[in-house]
Structures are given as structure tokens and as C-alpha cells.
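Each remark here refers to the structure printed beneath this line.
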Amino acid sequence: MNIQHPQEKILETYDYNGVTVDLAEWSGTVWCGKIGYAENHTDEPDVEKIMKDFMAVSAIPNGREDNWDICMSINYLSGERASGVLFGFLVDEELQPDAYDIYKVPAAKFLRIRICGETARALGHDPWMGGIPPYQWIGEQIAPELGYTYGSDTLPIIEYYGFFKPEEGRHTYCYLYVPVKEKSAMTR
């Protein structure tokens, strides 16, 4: 099953070694949650602290998308800015309770794949078990074959989780979005 989100338009769907890869165009989006950055340009942010801070917020976000949440990796495509992580939700307005941080993403194109054991095997990798998302699967393996390269390093890498099942302690889906742009004709 392929889930399309309200903020995106699927422009093209590819089959890459049996893996469904979508080229998704997003309109500008607003996210609310908790964000934290590394102390320098080489280390990771304190992800456990950011998650703890996120889980501690009891305020209800205004206009939150139902049944989905995200982990957004910010500045991971840049060595010039500290890496950040945002745990949060897609919302339809910037006005949110003070306990939340707001992050806006401009319109952009992303390649997306579903993160699961089948995808990892089809791409020749071990299953992803958490941590830094395997964005190289898209940016360095899939994208070049489809005529794309990484997009702007100001755009985030997004893990989009859907439909949490508390009895199993897991989400039903996880999609990985990596910003891309078409390779110029000269670099193909």
C-alpha cells in the first residue's frame, strides 16, 4: 500500500529493484514539535534529550495532522551548519502553544521510499534499526540512477511515521524523504 500525504503531490513513481520510489512535490509546510541542535558542526545533537523534551509537552498542537508524526534531520546534508533533529507533527498553522518549536519547510521535491526490511533487502542493505536515517540509500544509490542528485542542503531529511500501534510499540509505516533536484544535462 502506498500512502500519499496531504502536503504532497506524487509527480512520478519508479520501480527500483522492486522498491517503489516516489518523486513527491511538497508545498510549503509548517511543523511543530521539539528541535535541538548539535553543539558544533561535526557532532550529533542529543537525540534522547530532544525526544524526552518532545514527550514531555502536554499541549495539544493546533491543526495537527492525524495519525502521523515525524523525525526530521536538519542540516545533515551540510557540513557548514550544526545538525539538528525535530520530533513533531505537520500542522496547518504557525500559531501553536508556546511549548512547541516551529519549523517551516519551503516547497521542494523529495524522493521517498518506505523504510522496512523488504526495502533494505531489495537495495542490498541490512535493515535499518534506527539512528541516522539511511538517506544515502536514496541520495547515493537510487537518485543517481533515476537522474537526480541531492537537493538544497537547507532542506531536511524526513522520517514520516504513520499510525502508531501502542499494543505493538511501533508505527505501521515509515517513509523516508530525501530532498532532490534533477541532474543537469551536462552531469548525466
Side-chain angles (χ1 to χ4, degrees), residues 1-29 31 38 41-42 44-45 47 65 67-81 83-88 90 103-164 170-188:
M1 178 183 348
N2 202 14
I3 306 295
Q4 184 172 340
H5 303 288
Q7 83 281 358
E8 69 189 9
K9 177 181 177 185
I10 302 299
L11 300 176
E12 185 113 22
T13 298
Y14 303 95
D15 180 317
Y16 183 89
N17 285 359
V19 173
T20 298
V21 180
D22 293 314
L23 175 62
E25 182 176 59
W26 283 22
S27 56
T29 53
W31 304 85
H41 297 180
T42 57
E44 291 293 307
V47 176
E65 177 183 35
N67 297 316
W68 292 87
D69 51 50
I70 56 101
C71 177
M72 191 178 291
S73 299
I74 301 165
N75 296 333
Y76 275 69
L77 299 177
S78 168
E80 298 175 10
R81 294 179 305 278
S83 296
V85 168
L86 167 74
F87 291 105
L90 175 66
Y103 191 80
K104 294 191 285 185
V105 177
K109 291 181 181 174
F110 296 83
L111 283 178
R112 77 172 194 164
I113 58 174
R114 189 165 171 193
I115 294 293
C116 60
E118 293 83 18
T119 298
R121 283 188 292 282
L123 296 176
H125 300 285
D126 291 330
W128 178 61
M129 303 305 287
I132 297 172
Y135 63 89
Q136 298 90 345
W137 295 2
I138 293 176
E140 296 166 25
Q141 184 174 353
I142 297 171
E145 294 291 323
L146 300 179
Y148 298 93
T149 187
Y150 287 118
S152 170
D153 68 4
T154 63
L155 294 167
I157 297 162
I158 301 171
E159 301 157 53
Y160 214 157
Y161 294 92
F163 302 98
F164 186 71
R170 67 177 187 85
H171 287 84
T172 304
Y173 308 107
C174 178
Y175 285 95
L176 176 65
Y177 290 77
V178 175
V180 294
K181 62 183 177 187
E182 287 189 57
K183 290 183 183 178
S184 69
M186 297 175 68
T187 60
R188 286 189 184 179

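Since the model is a prediction, treat every value here as computed from it, not as a measurement.
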Quiz item: Does the pair Y135 and E159 meet the rule for a side chain to side chain contact (heavy atoms under 4.5 Å, CB included), with working shown?
Solution: CA-CA 10 Å; Y135 63 89; E159 301 157 53; over 6 Å; no
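- Using a 4.5 Å heavy-atom cutoff, the side chains of R112 and I10 are in contact.
- One finds the CG atom of D22 at 10.0 Å from the OH atom of Y14 (value rounded to the nearest 0.5 Å).
- The two residues Y76 and G84 come nearest to each other via the heavy atoms CE1-O, 3.4 Å.
- A distance of 5.0 Å separates CG of L123 from CD of Q141, quoted to the nearest 0.5 Å.
- Between P133 and Q136 the shortest heavy-atom distance is O-OE1, 4.1 Å.
- To the nearest 0.5 Å, atoms OG1 (T20) and CD1 (I113) are separated by 10.5 Å.
- Here the side chains of P179 and L77 are in contact, with some heavy-atom distance below 4.5 Å.
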Exercise. Test Y177 against I138 for side chain to side chain contact (heavy atoms under 4.5 Å, CB included), laying out the working first.
Key: CA-CA 8 Å; Y177 290 77; I138 293 176; over 6 Å; no
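- Aromatic ring orientation, F110 versus W26: tilted (interplanar angle from 30° to 60°).
- Distance CD1/I142 to CG/L111: 7.5 Å, rounded to 0.5 Å.
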Exercise. Check step by step if side chain to side chain contact (heavy atoms under 4.5 Å, CB included) holds for I132 and E44.
Key: CA-CA 9 Å; I132 297 172; E44 291 293 307; 3.3 Å; yes
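- R81 places a side-chain N or O within donor-acceptor distance of the main-chain N or O of D153, the cut-off being under 3.5 Å.
- Within the 4.5 Å cutoff, the side chain of K183 has heavy atoms near those of the P144 side chain.
- Taken from CG in L90 to CG in D69, the straight-line distance is 11.0 Å, to the nearest 0.5 Å.
- The line from CG of L23 to CD of E182 is 8.0 Å long, rounded to the nearest 0.5 Å.
- No side-chain heavy atom of L146 sits under 4.5 Å from any side-chain heavy atom of E12.
- By the neighbour-count criterion of 12 heavy atoms within 6.0 Å, atom CG of D126 is sparsely surrounded, having that number or fewer from other residues, nucleotides or ligands.
- Side-chain atoms of C71 and L86, non-hydrogen and from C-beta on, never get closer than 4.5 Å to each other.
- W137 and A120 get closest at one heavy-atom pair: CH2-CB, 3.5 Å.
- Contact annotation: the side chain of R114 never approaches that of Y160 to less than 4.5 Å [non-hydrogen atoms, C-beta and beyond].
- Contact record, P134 with L176: O-CD2, 3.6 Å, taken as the closest heavy-atom pair.
- Looking at heavy atoms from C-beta onward, S78 lies out of side-chain contact with H41 at the 4.5 angstrom threshold.
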